[in-house]
Q: 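The following block contains the structure, expressed as structure tokens.
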Amino acid sequence: MASGPASFDLSKLRNIGIVAHIDAGKTTTTERILFYTGRLHKMGEVHEGTATMDWMAQEQERGITITSAATTCFWKDCKINIIDTPGHVDFTIEVERSLRVLDGVVGVFCAVGGVEPQSETVWRQADKYKVPRIAFINKMDRVGADFNQCVDQISERLGHKPLPIQIPIGKEADFAGVVDIISNQAVLWKTELGDTFELAEVPADLKDDVAKAREHLLEIVSEQDDSLLEAYLEGKEIDPEQIWAALRQSCLKQQCVPVLCGSAFKNKGVQPLLDAVVRLLPSPLDLPPVDGVSPDGQQKMQRKPSVKEPFSALAFKIMSDPFVGSVCFMRVYSGSFQVGKHVYNVSSNKKERVGKLLQIHANKREEIQVAEAGDIVAVVGLRFTKTGDTLADQEKPIVLERLNIPEPVINLAVEPKTKADQDKLSESLDRLMLEDPTFKVRTDEESGQIILSGMGELHLEIITDRLLREFKVGANVGRPQVAYRETIQQSVEHSVVYDKVVGSQKHFAKVTLRFSHLEEGEFEFVDAIDSKTVPKEFIEAVRSGVRESLDNGVVAGYPVINLKAELLALEHSDEDSTEISFKVAASLCFREAVLKAEPVILEPLMKVEVVSPDEFMGDVIADLNARRGKVLKMEKRGVAQVIDALVPLAKMFGYATDLRSVSQGRASYTMMVQGYQQVPAAVQQEIVARIRGYA
């Protein structure tokens with residue numbers, strides 16, 4: 001989050017994210033990094049609510065990370081910009097947008113839990129953006145810690161090639177340090193703070209394991225360096241720096257994931273992790289130029305990470321700040337910009353003035369004057385910029401790839417308590433939507449209620465908590481409801497003639513559309529007519545009419561997804577046809593055709609992982625079955641059993657309480673959205689009856 005002097009060497013910059021499953025120790029690891037780099041003089045603790053990176057009141061109370069927090073620190077001669085991301089599935093957009101702008105990632109894994117569901121999710125997100133990463137196996141001091149099992153799971157569950165560059169010395173209460181395989185030395189921590197350690201010989205009982213691990217390491221990295229391969233085959237002594245250089249190349253090409261270990265809470269293993277970040281993860285110069293397109297979408301373009309290139313940046317997060325108003329976090333990919341100057345928002349076609357440039361440390365801020373290629377900065381004063389917008393040089397504009405925003409799966413009704421609260425509520429919801437693209441607000445046409453939509457119960461709980469406390473809005477909040485969807489099962493071709501006089505204006509339009517089920521994607525529109533004889537605006541009006549109709553399905557009024565619409569024929573009159581005529585005709589055609597296409601209601605399906613002691617397995621599985629759940633597999637993990645199941649979201653409300661009661665509080669679970677499935681006929685009848693008010 002900083003902009004260094006103009007002469008700052010980009011090869012010494014690291015933009016990294018800390019990602020993991022909830023409770024793997026991301027925030028604690030980040031706190032230790034800030035302490036050892038001199039950014040903090042006292043370590044904060046998540047469980048005490050004093051962690052620097054968890055600065056929101058809601059984070060401190062719950063002991064979890066909700067919003068991505070950013071900071072800058074220095075290690076040796078490198079500047080490291082760090083984003084600590086949430087581990088809870090409800091806040092997956094925070095990880096998504098962070099990974100979109102980061103150059104490297106540290107994946108934190110719990111030595112006891114191994115690779116857990118959200119670890120898989122963030123790993124896939126990192127795969128999508130091709131982000132090089134290293135792994136840190138944390139909590140080696142915990143009962144049940146198993147380094148080798150965790151390494152195996154990185155290979156089996158994540159499909160990556162883990163390459164240990166450390167081996168733990170002892171485990172659980174006896175965890176004392178690590179063996180650095182590259183230097184062939186033991187690193188032993190001597191003080192409780194972990195600020196001092198000593199180098200020693202490899203313990204005798206670990207020499208065979210270290211020799212095998214070193215041979216495996218050299219086999220992998222020697223592919224990157226012919227001279228190293230030659231020395232390895234001839235059995236010569238190899239310079240550790242040569243190994244680091246080859247390992248870096250392998251890591252940057254994502255051919256392996258270097259694995260380190262430690263216990264962040266016990267202050268062990270953090271300094272070697274920092275060394276690995278600096279030595280192995282990429283600088284902006286190590287990455288290919290960022291891809292984009294021209295504003296009209298016709299021409300592919302690129303920007304190199306250089307101040308000499310035209311300015312380009314991506315806005316990846318908007319945050320409401322009580323002191324300075326709206327703050328926009330952006331990654332600068334090329335060029336530079338200054339305080340007081342104007343930047344061009346290509347996405348909204350508006351010029352914006354940069355009021356202030358801030359270096360951010362969690363929720364504290366320092367003003368700076370210039371931001372350059374490679375920097376991640378916070379900007380104050382941008383009025384029209386939203387998450388995912390591109391800012392660029394107006395003379396040489398480029399549009400960078402936007403973020404992928406998942407659809408919300410859960411709804412909640414809210415209403416203001418007084419007339420005075422009404423405007424306040426509307427304004428507050430607008431600010432929250434600007435901050436969080438996965439949070440949606442709409443007004444129910446029939447009931448007049450304001451409906452909030454989010455990614456899960458916790459997501460909406462945090463939103464409503466902020467409304468009441470942070471924005472001080474008086475509001476009544478309803479119970480969470482499932483965000484159902486609708487789709488069709490059959491392909492249907494249908495024609496509609498719209499021929500009507502409205503006022504003094506005659507309207508005429510005839511459209512023929514074919515609607516069919518789409519396996520992947522929300523909506524697809526295909527123009528299958530000879531459009532040379534038809535004004536383009538009429539075709540666009542048909543597309544618009546169908547798209548707007550998707551918001552209200554014919555079964556129970558839920559949004560329609562997985563729909564393909566093909567425009568097969570269109571008739572117009574030179575005198576009586578207007579865009580409105582075709583929009584209405586398309587809307588009528590949609591509603592009449594969908595009724596004939598076997599419409600059904602879809603419900604969100606959750607992938608649930610339950611970790612339970614053996615003795616409660618029967619009760620846990622019986623409970624999942626009672627929730628219309630389908631058990632996929634069961635496996636042993638340490639002393640516990642792990643159950644993977646698919647369960648409808650509608651049946652998962654209150655599950656935490658029920659699971660505690662059937663397991664005497666000893667089982668835990670995580671869940672994430674798997675997709676949508678058709679609801680059973682009896683459930684569909686119940687939903688329709690409830691919506692129509694006769695149930």
Side-chain angles (χ1 to χ4, degrees), residues 14 16 29 32-33 36-37 75-78 80 104 106-109 111 132-141 145-148 150-151 154 161-171 174-191 193-222 224-225 228 231-232 236-251 256-264 266-281:
R14 302 288 181 272
I16 68 162
T29 303
R32 299 310 187 258
I33 287 173
Y36 295 126
T37 56
W75 183 249
K76 300 193 173 167
D77 59 347
C78 280
I80 307 174
V106 176
V108 179
F109 298 92
R133 61 218 91 147
I134 59 179
F136 180 64
I137 298 178
N138 191 25
K139 302 192 179 184
M140 283 302 304
D141 60 310
D146 191 329
F147 176 79
N148 292 328
C150 210
V151 170
I154 292 172
K161 188 186 285 181
L163 191 57
I165 59 174
Q166 291 178 348
I167 283 181
I169 300 173
K171 63 178 182 177
D174 298 325
F175 178 63
V178 299
V179 175
D180 183 334
I181 295 170
I182 296 176
S183 67
N184 228 1
Q185 286 181 306
V187 183
L188 303 169
W189 279 270
K190 290 300 178 187
T191 63
L193 268 181
D195 52 350
T196 58
F197 54 86
E198 67 176 33
L199 301 177
E201 281 196 16
V202 177
D205 61 331
L206 287 177
K207 283 191 174 176
D208 287 348
D209 291 343
V210 171
K212 282 181 192 170
R214 185 175 170 83
E215 191 170 328
H216 179 58
L217 171 68
L218 291 172
E219 277 177 13
I220 302 297
V221 301
S222 59
Q224 308 298 326
D225 185 334
L228 192 152
Y232 167 59
K236 292 180 182 175
E237 189 64 33
I238 300 172
D239 179 11
E241 289 303 318
Q242 197 176 5
I243 300 175
W244 277 112
L247 181 60
R248 175 179 170 80
Q249 288 306 310
S250 191
C251 181
C256 72
V257 177
V259 182
L260 300 92
C261 63
S263 169
K266 292 289 177 67
N267 312 310
K268 294 174 183 175
V270 179
Q271 298 98 323
L273 176 62
L274 278 164
D275 286 338
V277 165
V278 167
R279 284 174 174 270
L280 301 177
L281 291 180

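Because only heavy atoms are used, hydrogens play no part in the values below, and waters and symmetry mates are left out as well, while side chains stay in.
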Q: Looking at CG of L281 and CD1 of I80, how far apart are the two atoms once the value is rounded to the nearest 0.5 Å?
A: 9.0 Å
Q: For R32, run the side chain to side chain contact (heavy atoms under 4.5 Å, CB included) check against L273, L274, N267, T37 and tell me which one passes.
A: N267
Q: Which residues pass the side-chain contact (heavy atoms from CB on, under 4.5 Å) test with D146, not counting sequence neighbours?
A: N148, Q149
Q: Side-chain contact, heavy-atom cut-off 4.5 Å: I165 with P272?
A: no
Q: Just jot down the ring-ring contact (aromatic ring centres under 6.0 Å, His included) partners of F109, sequence neighbours excluded, or say none.
A: W123
Q: Give a yes or no on whether the backbone of V108 and the side-chain of N138 come within a donor-acceptor separation of less than 3.5 Å.
A: no
Q: Taking all non-hydrogen atoms of both residues, which atom of V187 and which atom of F197 are closest, and how far apart?
A: CG1-CD1, 3.6 Å
Q: How long is the gap from CG on L163 to SG on C251, to the nearest 0.5 Å?
A: 9.5 Å
Q: Rounded to the nearest 0.5 Å, what separation is found between the CD atom of Q224 and the SG atom of C256?
A: 8.0 Å
Q: Looking at residues at least two apart in the chain, or sitting in another chain, which of them share a side-chain contact (heavy atoms from CB on, under 4.5 Å) with V151?
A: I137, F147, P162, P164, V259
Q: Any side-chain heavy atom of Q271 within less than 4.5 Å of one from W75?
A: yes
Q: Can you name the residues that form a side-chain hydrogen bond (donor to acceptor under 3.5 Å, both in side chains) with K76, not counting sequence neighbours?
A: D275
Q: What's the spacing between I243 CD1 and I238 CD1 if we round to 0.5 Å?
A: 5.5 Å
Q: Would you please name every residue forming a side-chain contact (heavy atoms from CB on, under 4.5 Å) with A200, sequence neighbours left out?
A: A186, L188
Q: Going by salt bridge (Lys or Arg N to Asp or Glu O under 4.0 Å), name the residues that satisfy it together with R133, two or more places apart in sequence or in a different chain.
A: D127
Q: Can you name the residues that form a side-chain hydrogen bond (donor to acceptor under 3.5 Å, both in side chains) with Q185, not counting sequence neighbours?
A: none
Q: To the nearest 0.5 angstrom, please state how far the CE atom of M140 sits from the SG atom of C261.
A: 5.5 Å
Q: Considering residues at least two apart in sequence or located in another chain, which fulfil the side-chain hydrogen bond (donor to acceptor under 3.5 Å, both in side chains) criterion with E241?
A: R279
Q: Taking side-chain hydrogen bond (donor to acceptor under 3.5 Å, both in side chains) as the definition, give me every residue that meets it alongside S263, ordered by chain and number, with sequence neighbours left out.
A: D141
Q: Do V277 and F136 come within less than 4.5 Å of each other through their side chains, counting heavy atoms only?
A: no
Q: Name every donor-acceptor pair, under 3.5 Å, that has one atom in a side chain of residues 201-222 and the other anywhere in the protein, sequence neighbours excluded.
A:
residue : atom : partner : partner atom : Å
R214    : NH1  : I181    : O            : 2.8
R214    : NH1  : I182    : O            : 2.9
S222    : OG   : L218    : O            : 2.8
S222    : OG   : E219    : O            : 3.1

